[in-house]
Asks: 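Have a look at the structure that comes next, please.
A, B, ... follow the sequence lines: proteins, then strands. Residue 1 opens every chain.
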There are 2 protein chains.
Amino acid sequence: MYKTCILKILMYICPMYSSELIKGTLKTIVLNLLRDKGRMYGYEITAKVKELTEGKIQITEGALYPTLHSLEKNGELETEKEFIGKRVRKYYSLTSQGQETASQKVNELADFMNTMKFLLDLEPKLGNA
Amino acid sequence: MYKTCILKILMYICPMYSSELIKGTLKTIVLNLLRDKGRMYGYEITAKVKELTEGKIQITEGALYPTLHSLEKNGELETEKEFIGKRVRKYYSLTSQGQETASQKVNELADFMNTMKFLLDLEPKLGNA
DNA sequence: TTTTATACATAAGAAAGTTATGTGTTAATT
DNA sequence: AATTAACACATAACTTTCTTATGTATAAAA
């Protein structure tokens, strides 16, 4: 199979961010999307993120599903199953706790990105006066 | 000892970013600082980052030193030892390869942050037209 | 009919941190 | 004078969080 080779070519044409960068932002991305869309199922989340970022951020299923499960276990998300024909879909939505966490996480990330921009000299000044 | 308690109070007064966020940006921070300052030693790097970010980003030594060693091993950094009295300092500076890597990493992070801002609806539009 | 897309799940391994510990010097405090 | 804090390095055990690989199964397309 030429899968490996094809993937390399694709990566050259359509570069993705190195995975370290995505680490730590996954929960925030998921919570924010769910806040925006109301309810989504796992596969839909991966597709939406890929679409919105033009393929630059691709959430793998091995990363997404454990994250969803842990968020649910932690009381941030609740689920309902739906059958499309014989195929199961698991829809996730935010609990009220999840709403709060989503806001917190997004604010923290926004703040962090401002700090990073300042630290990396990407902005002339830290507009703080 | 009241260390734990004091730390909690400090965290409340002066909040730090959750560690997941810092993960993946450490190399970029270090490379960019060294590009800016020419040469620095480890302890100085932690102090400078803390100062520039008003305590919001605090690089631990357990994270920094392994990172410096791996960057050196990888040919991005070179070192010279200096003695201040009887105390050793290890100064790090970028190799020419390190210069290139620094630029790449900073560009990638800047790009990533733009994408994230768009994804999290923090900007009205992705100015792309 | 075989591949691709949809849709879930989990397990082994790697990466990159945290936390804890260790060594030793120098300055400040009590 | 003695102890604590700051300086300055290093490493090792552990945790978290992802990647990669694998597994199951349905539906649509080639």
Asks: In Å, rounded to the nearest 0.5 Å, how long is the span from CE of Met113(A) to CG of Leu119(A)?
Replies: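 The distance works out to 14.5 Å.
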Asks: Name the nucleic acid region contacted by Gly42(A), choosing base, sugar-phosphate or nothing; use a 4.0 angstrom heavy-atom cut-off, strictly under.
Replies: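 Sugar-phosphate only.
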Asks: Closest approach to the side chain of Thr60(B), judged atom by atom: which nucleotide of dC8(C), dT19(C), dA6(D) is it?
Replies: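 Ranking dC8(C), dT19(C), dA6(D) by closest atom to the Thr60(B) side chain puts dT19(C) first.
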Asks: Rounded to whole Å, how long is the line connecting atom CD1 of Ile59(A) with atom C1' of dC8(C)?
Replies: 16 Å
Asks: Answer yes or no: are there more than 12 heavy-atom neighbours, outside Lys90(B) itself, under 6.0 Å from its atom NZ?
Replies: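 Atom NZ in Lys90(B) is crowded, with more than 12 foreign heavy atoms closer than 6.0 Å.
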Asks: Tell me whether Glu100(A) at atom CD has more than 12 heavy atoms from other residues, nucleotides or ligands lying less than 6.0 Å away.
Replies: no
Asks: Reckon Glu61(A) touches a base, only the sugar-phosphate, or nothing at all at heavy-atom distances under 4.0 Å?
Replies: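 Here Glu61(A) touches the bases of the nucleic acid.
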Asks: Could you state the atom-to-atom distance from CG of Leu21(B) to C1' of dT18(C) in whole Å?
Replies: 15 Å
Asks: Salt-bridge test for Glu51(B) and Lys48(B): reply yes if a basic N is under 4.0 Å from a carboxylate O, no otherwise.
Replies: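 Result for this pair is yes, salt bridge flagged.
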Asks: Under a 4.0 Å threshold between the charged nitrogen and the carboxylate oxygen, would Glu80(B) count as salt-bridged to Arg39(B)?
Replies: yes
Asks: 5'-most contact on DNA chain D: Tyr41(B) or Pro66(B), nearest heavy atom basis?
Replies: Tyr41(B)
Asks: Output the residues of residues 79-91 of chain B in contact with DNA chain C, where contact means a heavy atom of the residue under 4.0 Å from an atom of the strand; sort by number or write none.
Replies: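 Nucleic-acid contacts, sorted: Gly85(B), Lys86(B), Arg87(B).
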Asks: Specify the separation, in whole Å, of atom CD of Gln58(A) and atom P of dT20(D).
Replies: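 Nearest whole value for this atom pair: 12 Å.
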Asks: Assess, by modelled atom type and distance only, whether the side chains of Glu61(A) and Thr46(A) contain a donor and an acceptor separated by less than 3.5 Å.
Replies: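 No - no donor-acceptor pair under 3.5 Å links their side chains.
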Asks: Closest to the Tyr43(A) side chain: dA5(C), dA10(D), dC7(D)?
Replies: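 Closest nucleotide to the Tyr43(A) side chain: dA5(C).
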Asks: Nearest whole Å is fine: how far is dT18(C) P from Leu64(B) CG?
Replies: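 Taking CG of Leu64(B) and P of dT18(C), I get 11 Å after rounding.
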Asks: If you only use heavy atoms from C-beta on, which nucleotide in dC18(D), dA10(D), dG17(C) is closest to the side chain of Ala63(B)?
Replies: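 Nearest listed nucleotide: dG17(C).
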